[in-house]
Amino acid sequence: MESSDKENLVKAGLKGESAERTVFQKIRETGAHTIIYGIGSALQVLLGFLLIPIYTKYYEASTYGVFALLCMSAAIVGAFFGFGGSNALSRSYYDYPDHKSRRKAVDTAFFIAFAGGFLQVVFGFLFGGWLSERLFHTPEYKPHLVIAFSAQAFAFINTLFVVLLRFERRSKLVIMMSAVSVVTGAAFILTFLIGLKLGVLAPILGHCVTELLLLICYAILCRGRFGVGFNCKEAVLQLRFGFSYVVMAMATYSLDWIDRLILGGNYSLREVGIYAFGCKLGAVIQAAFVNPFGLIWTPVKTQYHGDSNAREFYKTMLTYYFLFGAMTVIVIGVFATEILHVIAQRPEYYEAASVLALIAGSYVLNGALNIVDVGVYLNRRVIVTAFGICLAVVLNFGLNLVAIPRWGYQGAAVVRMATFSFFVVFVFLVSQRFYRLDVEWGRLSVIGVVTVVAVGCTSKVGITDLTYLLGFKVALIVGLMIAGYLLFLTNAERDVLRTKLCDGLTLFGLRRRSAMEASMKR
C-alpha cells in the first residue's frame, strides 16, 4: 500500500469512518500478489519447459502415456486422502479474530493432513500392485505408484504451509521456496533420468525426494506457528467443508481420466501420450496465471466480502480475470505450432498443436470458479459446487463416448471445454441465490468472441512462408492489444493505465538519472 493510501485510511479512522479500501486498491493488491505468486509458479513452469525436451527425447509417446497415467493416479488418490485440507483451512482462518485463536484452526488442519498422508502411503503399499495390474496389465509399476503416492502425500502437507504463509502475505518466502524446489527437483530428476537411467521412475522419484526436503524446510521455517491444539469441533467443520473439495478434486481428475481412458480404449497409447503432452503444455496457463490468482483470491474474497464496495470489486475482478486469461490463451493458440517445434524433440508431438488453445481456455474457464462461487463459498454451501462437478463428469463421459471415436483427441479437447463451461455456469446460477454477483456481460462477450476469432483465423491462414506467417501473428497480437486499449477499456481505466505507466517511466528515469549522477561523481 502506498503512503497516500495509508494517509487516507488514517484520516478515515480519525473521522470514525470505516478504513475501507477502494476497488482499485483491492485490485492492485490482488494483482500485485498474483504477480508475486506467479513468479513462483513461473519457476515451476520453467522447470516443466526445461524437462519437456528431455522427456520427449528419452520417452516415446507410449512411455509418456504411462507416465501421465501414473501421475494422474497419484493426483486422484491424493485428492481423496488430502481431505480438502488447504481449502478448509482457508475458509476457517478468518473465522477467528486474532493469531492466537487462529492457531486452533491451523493445528487441526495439520493434524488432519498428516493423518491423511499416512493413510495414503499405506494405501499405496496395500493396493499399488492391484492398481498397476488394472492400469498397465502388469505389476511392475507398483514401486512407481507407491513412490508417487508418497510424493503426493508430502505435497498436500506442504500446501498447508503455503496457505499459512499466504495468509500472512509472506510471498517472498513462498517464491524463495519455489526457487529451491525448482533447482532441487531438476537436479534430482536429471540425475535419476540421465545419470542412473531409471526411465519413467526418474521424475516420480525426483518429485518425491524434492517434496520430502521441502516438508522438512517448511517445518523448520514455520516452527512456532502451530502446535498440538487439535480441536474436535473445528475438525468436524473442516472435514465437512473439505469433503466437498474432495469430491470436486476427484471429479476434476476423473475428467482427465475419462478422456484418456476412452482414448486408450479406442486408440493406442501414442494418442494418449500426444493428448497428455498437449494437456501438459496447455496447463502452463494454470500454473502461470490461474493458480497464482487463486492463491491470493481466496483470502482476499473472504477478507473483503463485508465491505460496501464488495460487489463492485467482484464484478470488476471477474472482467479483468477473463481479460488477462483470454490474452494468454490467444498467445498460446496463435503460436501453438512454433511453441511445439521449439519444445518437442520428436515430430510426433507436433500434432498436439491442434488442442493447445482449447485446453488452455478450459483451464481459464475452470479458474473463474474462484470468483463466480462467492455465494456458495461464503455461506459454506460448497456442496453445490461438488454436485455441479459430478454432473459435469457425467456429461463429460457421455460426450466423450460420442466425440472420441469420431474425432480422437481433438474431440476430447472440445468436450473438455464444453464440460468446464457447463460446470462454471451451473455454479454461477446456483451461487446467485446466496449472493448476487453482478457481471459485465457486454465486455465478457467481446472477450469471448475476440478470443475465438483470433485463434480460429490463425489456424486457417494460408501463408506458407514462415517469415511472413510469423510477422502476421506478431502483427495480430499487437493489433489486438491496441484495439483492446482503444475500444475495450473505459476512459477511467485508460486514465489509470496511462498514469501508472507514466509513473513507472518517471521512476525508471529518475533511477537511471541518479545512477548516472552517482557514477559521474565517482
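Cation-pi geometry between R311 and Y435 is met: the NZ or CZ atom falls under 6.0 Å from the ring centre, inside 45° of the normal. Relative to the six-membered ring of Y363, R416 meets both conditions, a distance below 6.0 Å and an angle of at most 45° to the axis.
The shortest side-chain heavy-atom distance between F156 and E211 does not fall under the 4.5 Å cut-off. Put simply, the side chain of Y141 does not reach to within 4.5 Å of the side chain of L69, judged on heavy atoms. Looking at I477 and M481, their side chains come closer than 4.5 Å, going by heavy atoms from C-beta outward. A heavy-atom distance below 4.5 Å is not found between the side chains of I204 and F149. I447 places none of its side-chain heavy atoms less than 4.5 Å from the side chain of E440. V439 has its side chain within reach of L318: a pair of non-hydrogen atoms, C-beta onward, lies under 4.5 Å apart. Residues I371 and F293 meet the side-chain proximity criterion, which asks for heavy atoms closer than 4.5 Å. Two residues are said to be in side-chain contact when any heavy atoms from C-beta on lie closer than 4.5 Å; Q152 and V77 fail this criterion.
Of all heavy-atom pairs between L358 and A413, the closest is CD1-CB, 3.9 Å. Summarising the geometry of S421 relative to L365, their closest heavy-atom pair is OG-CD1, 3.1 Å, with the distance given to 0.1 Å. When all heavy atoms are compared, the tightest approach of F423 to A392 is CB-CB, 4.1 Å. Counting all heavy atoms, side chain and backbone alike, V455 lies closest to A357 at CG1-CB, 3.7 Å. Nearest heavy atom pair, residue A454 against residue I330, reads CB-CG2, 4.2 Å. Heavy atoms only, all atoms of each residue included: A336 and A353 are closest at CB-O, 3.8 Å.
Taken from CD1 in I189 to OG1 in T210, the straight-line distance is 6.5 Å, to the nearest 0.5 Å. Annotation: the span from D373 atom CG to S431 atom OG amounts to 6.0 Å, rounded to 0.5 Å. Annotation: the span from Y409 atom OH to I359 atom CD1 amounts to 10.5 Å, rounded to 0.5 Å. Note that CG of L214 and CG of N158 are 5.5 Å apart. Values are rounded to the nearest 0.5 Å. Taken to the nearest 0.5 Å, the CG atom of L323 stands 7.0 Å off from the CG atom of L489. The distance from the CD1 atom of I389 to the CG atom of L395 is 10.5 Å, given to the nearest 0.5 Å.
In this structure, N400 contributes its side chain and V415 its backbone to no donor-acceptor pair below 3.5 Å. Although no hydrogens or angles enter the test, the distance criterion places no donor-acceptor pair under 3.5 Å between the side chain of K315 and the main chain of D438. Between the side chain of Q432 and the backbone N or O of L437, at least one donor-acceptor pair lies under 3.5 Å.
For F397, the CZ atom counts as loosely surrounded, since its 6.0 Å shell holds 12 or fewer non-hydrogen atoms of other residues, nucleotides or ligands. Around the CZ atom of F387, the shell of radius 6.0 Å holds no more than 12 heavy atoms that belong to other residues, nucleotides or ligands.
A distance of 6.0 Å or more separates the ring centres of F324 and F289.
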**OP:** List the steps, then state whether side chain to side chain contact (heavy atoms under 4.5 Å, CB included) holds for R443 with Y320.
**Re:** CA-CA 10 Å; R443 297 215 288 178; Y320 288 175; 4.3 Å; yes
**OP:** For T328 and V364, run side chain to side chain contact (heavy atoms under 4.5 Å, CB included): C-alpha distance rounded to whole Å, both residues' side-chain angles, the deciding distance at 0.1 Å, then the answer.
**Re:** CA-CA 9 Å; T328 309; V364 171; over 6 Å; no
**OP:** List the steps, then state whether side chain to side chain contact (heavy atoms under 4.5 Å, CB included) holds for N366 with V290.
**Re:** CA-CA 9 Å; N366 193 43; V290 176; over 6 Å; no
**OP:** Check step by step if side chain to side chain contact (heavy atoms under 4.5 Å, CB included) holds for L391 and F422.
**Re:** CA-CA 9 Å; L391 290 178; F422 164 81; 3.9 Å; yes
